[in-house]
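Notes for the one structure printed next.
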Amino acid sequence: MHWADVAAKSLSHRGDTHVISTGITPSGEFHIGHLREILTGDMLARAAKDAGLDVDFIFIVDSADPLRKVYSFLGPEFEQFIGHQLGAIPAPKEGDNNPDWQRFNEEGWTYADHFLTPFMDALAEIGVRPRIVDNLRSYQDGKFAQQAKLACDSADDIREIIERVSSRELASDWFPWSPLDSKGSLDGVKVTGYEYPLVYWIDSHGVEGSSDITKGQGKLPWRIDWPAKWSWIGVTCEAFGKDHGAAGGSYATGREISTLLGHEPPQPLTYEWISLRGKGAMSSSSGNTIGPIEALRLVPPQILRLLIANSKPNKAIDFDTGMGLVTLADEFERLCTRDFDSEMSEEDISRRKLVQIEDAKAALRLSMVEPGEIAKATSVSFRHLALLAQTKSSDDAIWQSLVSSGAINEPTKQLQDRLERMRYWISSEHFPEEMRINILSTPNEQALSSLDDEQKAVLKGLTAALHNCQWDSESIGSAIPQAAKDLEFSPRSAYRAAYAALMGLEKGPRLAPILAEMDKVQIMNLLDSCCQLV
RNA sequence: GGGCCUGUAGCUCAGUCAGGUAGAGCGUCGGACUUUUAAUCCGAUGGUCGCGGGUUCGAACCCCGUCAGGCCCGCCA
């Protein structure tokens with residue numbers, strides 16, 4: 001059974017109504033690692049709905065978290081906001097990346113909005129539409145009031161849980177509430193007393209004050225904030241990264257604190273990280289990232305979904321924006337054309353085979369942008385489209401080629417969309433070299449020397465034929481095989497010779513349309529030089 | 001130091017929970033397509049299941065140990 005269906009089935013044993021949650025801190029540019037968080041949750045939510053459960057899928061935006069430091073993508077003026085909540089400070093402004101006070105004051109446009117909005121747009125395109133829970137607003141609206149009171153009343157119990165489970169010692173003045181100081185920062189504030197609903201404090205400037213825990217004048221520390229959310233929202237299942245999932249991590253303390261707060265801990269689903277192939281783990285601060293938005297400009301959303309659907313959550317994904325993406329995309333096409341039901345009804349099918357077919361079927365179902373959407377193959381592989389996009393200058397020429405070869409009747413919107421992404425991909429640094437069409441500028445002697453006498457002879461005839469040939473795709477296309485036929489050889493020898501001379505390869509893509517797009521004089525010079533060498 | 005995850009074909013991974021003849025895709029190789037050849041179709045190739053013990057009629061799977069990689073026990077998807 002597919003991992004999402006397994007998890008959904010396990011959820012069904014707990015009850016019929018579920019709140020499946022995910023959460024991310026909008027501290028910087030989102031990357032596809034974050035996409036795994038939310039897609040894991042989305043797929044689980046869909047699987048649970050398919051299993052007949054009543055599901056509310058939510059995305060908690062941790063806008064109450066403080067700015068930790070002045071990241072490399074921020075202007076120096078952000079120094080003043082360290083420790084301030086992401087949903088309460090201005091966004092970086094285009095240009096100098098310093099705080100955009102104007103938009104902040106006029107529209108209330110915050111740091112959190114700035115990073116969240118493009119991510120939400122990408123999510124919509126990928127078919128993920130969770131209910132958004134803004135954490136800062138929830139605090140301000142008093143949603144945390146009851147849990148915050150319980151936590152502060154049980155400060156000693158919570159301290160005991162965290163110290164025991166994470167085997168870490170808490171400071172003597174530790175308190176389960178982080179008040180905002182006189183300047184709006186959560187850093188360097190010492191709690192001096194508590195009398196519901198007020199927490200008394202003294203800040204790093206020596207200022208004293210009080211914080212009302214029912215009105216969001218501060219927040220719960222992360223390890224309590226999380227279970228408190230589970231409690232007031234009623235979360236029954238949450239997908240989270242392996243960092244939270246390890247023994248002693250925040251889930252381990254969270255589940256005990258959750259019980260203390262009177263809420264049954266949610267069913268966990270821990271997932272592994274995504275790294276960029278050859279570049280190690282994704283990290284916003286090192287700039288080693290690829291955003292969901294950029295990934296979407298390369299491939300259609302279904303393929304991004306397949307990336308997640310195809311890997312069990314506990315498997316690390318090494319995201320490859322080069323050949324790996326071609327393989328993934330072609331696999332998606334293949335899945336679309338398969339008839340799973342007839343495959344499964346085959347006689348004498350092994351249990352192992354059956355599992356494989358089931359998983360493939362489920363992965364495809366979960367890869368659809370719209371739940372329940374029927375997969376339709378485009379009948380044009382990524383590989384083939386990459387080739388066409390490189391050899392034809394206009395889109396119309398590509399559709400013409402595909403129609404005349406019988407691959408399609410007309411360019412669908414899906415195909416047009418795919419071609420657009422393909423053209424962007426080809427122009428990007430991610431496009432793999434081995435897919436790129438390269439016509440040599442000087443002869444490749446090694447490739448030429450591998451030709452046999454027959455092929456060498458054909459090369460000369462071919463060169464002569466092309467000299468006299470009209471320079472269009474059709475004429476070139478007939479001149480190449482004809483050169484071999486004139487010498488009573490198989491057309492294959494002409495192609496073999498042409499690839500060796502023009503590209504230094506044994507085989508390659510359709511030559512005629514490529515040559516037709518190129519300068520005849522340049523090609524003929526290359527071929528003439530080759531003829532002199534053989 | 002304590003704990004979690006991962007290790008299966010050249011590559012990406014199923015299969016481990018409920019032990020029963022080692023699987024898929026990609027790649028590679030071969031064939032077919034005689035004006036196309038990175039396409040498509042057909043076929044083949046490929047693994048001491050990290051290593052060592054144990055339990056069992058039987059172990060990739062269960063148990064013990066061990067090696068390697070990643071991660072957690074401040075913050076992090």
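These values consider heavy atoms only, across backbone and side chains, with no hydrogens, waters or symmetry-generated copies. Residue numbers begin at 1 in each chain, while the letters A, B, ... track the order of the sequences.
Of the side-chain N and O atoms in Lys312(A), one or more sit less than 4.0 angstrom from OP1 or OP2 of G15(B). OP1 or OP2 of U35(B) lies within a sub-4.0 Å distance of a side-chain N or O belonging to Lys485(A). At the phosphate of A24(B), neither OP1 nor OP2 sits under 4.0 Å from any side-chain N or O atom of Arg334(A). Dashed line: the shortest gap from a side-chain N or O of Asn310(A) to OP1 or OP2 of U12(B) is not under 4.0 Å. Neither OP1 nor OP2 of U6(B) sits under 4.0 Å from any side-chain N or O of Lys242(A). Of the side-chain N and O atoms in Trp3(A), none sit less than 4.0 angstrom from OP1 or OP2 of A14(B).
Computed from coordinates, the Glu272(A) CD to C76(B) C1' distance equals 14 Å when rounded to whole Å. In this structure, His244(A) places its NE2 atom 16 Å from C1' of C5(B), rounding to the nearest Å. Rounded to whole angstrom, the span from the CG atom of Asp318(A) across to the P atom of C71(B) amounts to 13 Å. Rounded to whole Å, atom C1' of G23(B) lies 13 Å from atom CG of Leu354(A).
Proximity note for Trp222(A) (side chain, C-beta onward) versus C75(B), A14(B), U37(B): the nearest is C75(B). Considering only side-chain atoms of Tyr495(A), the nucleotide from G7(B), C75(B), U36(B) that sits closest is U36(B). Distance from the side chain of Arg492(A) is smallest to C33(B) among C75(B), G7(B), C33(B). Closest to the side chain of Gln356(A), out of A14(B), C76(B), C75(B), is A14(B).
With no hydrogens or angles considered, no side-chain donor-acceptor pair links Ser367(A) and Gln302(A) at under 3.5 Å.
Nearer to the 5' terminus of RNA chain B, by closest-nucleotide assignment, is the contact made by Thr327(A) (compared with the other of Thr327(A) and Ser493(A)). Comparing Asp359(A) and Gln482(A) against RNA chain B, the residue whose closest nucleotide sits nearer the 5' end is Asp359(A).
C17(B) makes up no base pair with any nucleotide shown, lacking Watson-Crick or G-U wobble contacts both under 3.5 Å. The partner of A60(B) cannot be assigned: no Watson-Crick or G-U wobble pair with both contacts below 3.5 Å exists in any strand. U35(B): no Watson-Crick or G-U partner with both key distances under 3.5 Å is found in any strand. Searching all strands for a Watson-Crick or G-U wobble partner of G65(B) with both distances below 3.5 Å returns C51(B).
The aromatic rings of Phe240(A) and Trp226(A) sit perpendicular to each other, their planes meeting at more than 60°, with 30° as the lower class boundary. Ring geometry for Trp425(A) against Phe382(A) counts as tilted: the plane angle lies between 30° and 60°, on a 0 to 90° scale.
Ala512(A) comes within 4.0 angstrom of a base, heavy atoms only. Across all strands shown, Arg36(A) has no heavy atoms under 4.0 Å from either base or sugar-phosphate atoms. At a threshold of 4.0 angstrom between heavy atoms, the contacts of Arg164(A) with the nucleic acid are absent. Here Thr25(A) lies in heavy-atom contact (under 4.0 Å) with sugar-phosphate atoms only. Contact annotation for Ile437(A): base contact, defined as any heavy-atom pair under 4.0 Å involving a base atom. At the heavy-atom level, Arg496(A) lies nowhere under 4.0 Å from the strands shown.
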- Item | Arg496(A) and Asp452(A): CA distance, side-chain angles, deciding distance, salt bridge (Lys or Arg N to Asp or Glu O under 4.0 Å) verdict | CA-CA 10 Å; Arg496(A) 178 75 174 74; Asp452(A) 60 27; over 6 Å; no
- Could you please spell out the steps behind the salt bridge (Lys or Arg N to Asp or Glu O under 4.0 Å) verdict for Asp62(A) and Lys229(A)? CA-CA 11 Å; Asp62(A) 282 327; Lys229(A) 283 187 270 215; 2.6 Å; yes
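Annotation: C4(B) and C41(B) have their P atoms spaced 47 Å apart (nearest Å). Using atom P as the reference point in both G15(B) and U55(B), the two lie 29 Å apart (nearest Å). For the C1' atom pair drawn from U16(B) and G23(B), the interatomic distance equals 14 Å after rounding to whole Å.
A distance-only check finds no donor-acceptor pair linking the side chain of Asn135(A) to the backbone of Val61(A) [under 3.5 Å].
The salt bridge (Lys or Arg N to Asp or Glu O under 4.0 Å) test with Asp42(A) is passed by exactly one of Arg131(A), Arg305(A), Arg36(A): Arg305(A).
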